[in-house]
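Report on the following structure.
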Amino acid sequence: MKIIKAKDYEQMSRMAANILSAQVIMKPDCVLGLATGSTPIGTYNQLIEWYKKGDIDFSGITTVNLDEYKGLSPENDQSYRYFMNTHLFDHVNIDKSRTFVPDGLEADSAKACSDYDQIIADCGGIDLQLLGLGNNGHIGFNEPADAFAKGTHCVRLTQSTIDANARFFASLDEVPREAYTMGIGTIMLAKKIVVVVNGSGKADIVKKAFFGPITPQVPASILQLHSDVTVVGDAEALSAL
Ligand code: F6R
């Protein structure tokens, strides 16, 4: 595992964007696994800036996102499909039909999950997976649990995740209680993984996840077993190391 220390959020975002852009330049038809949340927004902004300068071409790439709230439509401004459109896809020359997010409107969880696993398999797997880190160590919406989940599954969000995400909704009651998420097994099959993390609030979980025992109670701890993980963190997030 490589740990890259950035001085602040802007530098963290540029460094992570550099890794993603190198991936796209080296393999223009690659499959990128993408994340939502507040951490990668700066990374996406940087990629858009470089695209506008003519430095990156997204026309050949495919993307698969980690997760989606169950019950939210793509038009809902809190859905992760909406997030990806507004924060990245609408601003670059990506073929939207090659961008995938679990189908939040599919009420049949088993079908939603097996369809998504099939999509990822049809893409040929993930070349580079971008991850954020939840306050409780979750990656995607793989919450602390008794075992690591392999494939896409439906999760009940923990109270700490519901509370953390409430900032994006009009009220706590509006935060969906369930989500579809890519499994830990699928994330671990990505050839390369980049984790972005910032802020002092993540300092303790960064230490636990990347230097503590490997346990499904801290889902990100499994990343210690992956052969190509780069953590790009700002000084605050890495301050407990
Ligand atoms: C979202 C996702 C989540 C977030 C995590 C951190 O697609 O996969 O695991 O990465 O909750 O969120 P932020 O970046 O908002 O702190």
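Numbering of ligands and ligand atoms starts at 1, following listing order. Being a predicted model, the structure only gives us computed values, none of them experimental.
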Handout entry: Whichever hydrophobic residues join Phe169 through chains of side-chain contacts under 4.5 Å
Key = Tyr69, Leu72, Tyr80, Phe141, Val155, Leu157, Ile162, Phe168, Leu172, Val175
With no hydrogens and no angle check, do the side chains of [X] and [Y] hold a donor and an acceptor under 3.5 Å apart?
X	Y	answer
Arg81	Thr99	yes
Ser59	Asp57	yes
Gln118	Asp122	yes

Could you list each N/O atom of ligand 1 together with any protein N/O atom closer than 3.5 Å, one pair per line with the distance?
from	atom 1	to	atom 2	distance (Å)
ligand 1	7 (O)	Thr36	N	2.9
ligand 1	7 (O)	Thr36	OG1	2.8
ligand 1	7 (O)	Asp67	OD1	2.7
ligand 1	7 (O)	Asp67	OD2	3.4
ligand 1	8 (O)	Asp67	OD2	3.2
ligand 1	8 (O)	Gly140	N	3.4
ligand 1	9 (O)	His138	NE2	3.4
ligand 1	9 (O)	Gly140	N	3.3
ligand 1	9 (O)	Gly140	O	2.7
ligand 1	11 (O)	His138	NE2	2.6
ligand 1	14 (O)	Ser38	N	3.3
ligand 1	14 (O)	Thr39	N	2.9
ligand 1	14 (O)	Thr39	OG1	2.4
ligand 1	15 (O)	Ser38	N	2.8
ligand 1	15 (O)	Ser38	OG	2.9
ligand 1	15 (O)	Arg167	NH2	3.1
ligand 1	16 (O)	Lys202	NZ	2.7

Practice task
Check salt bridge (Lys or Arg N to Asp or Glu O under 4.0 Å) between Lys52 and all other residues, then give those that pass, not counting sequence neighbours.
Solution key: none
Practice task
With sequence neighbours left out, write down each residue that passes side-chain contact (heavy atoms from CB on, under 4.5 Å) with Lys150, or none if nothing qualifies.
Solution key: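 Counting only residues at least two positions away or on another chain, Lys150 forms no side-chain contact (heavy atoms from CB on, under 4.5 Å).
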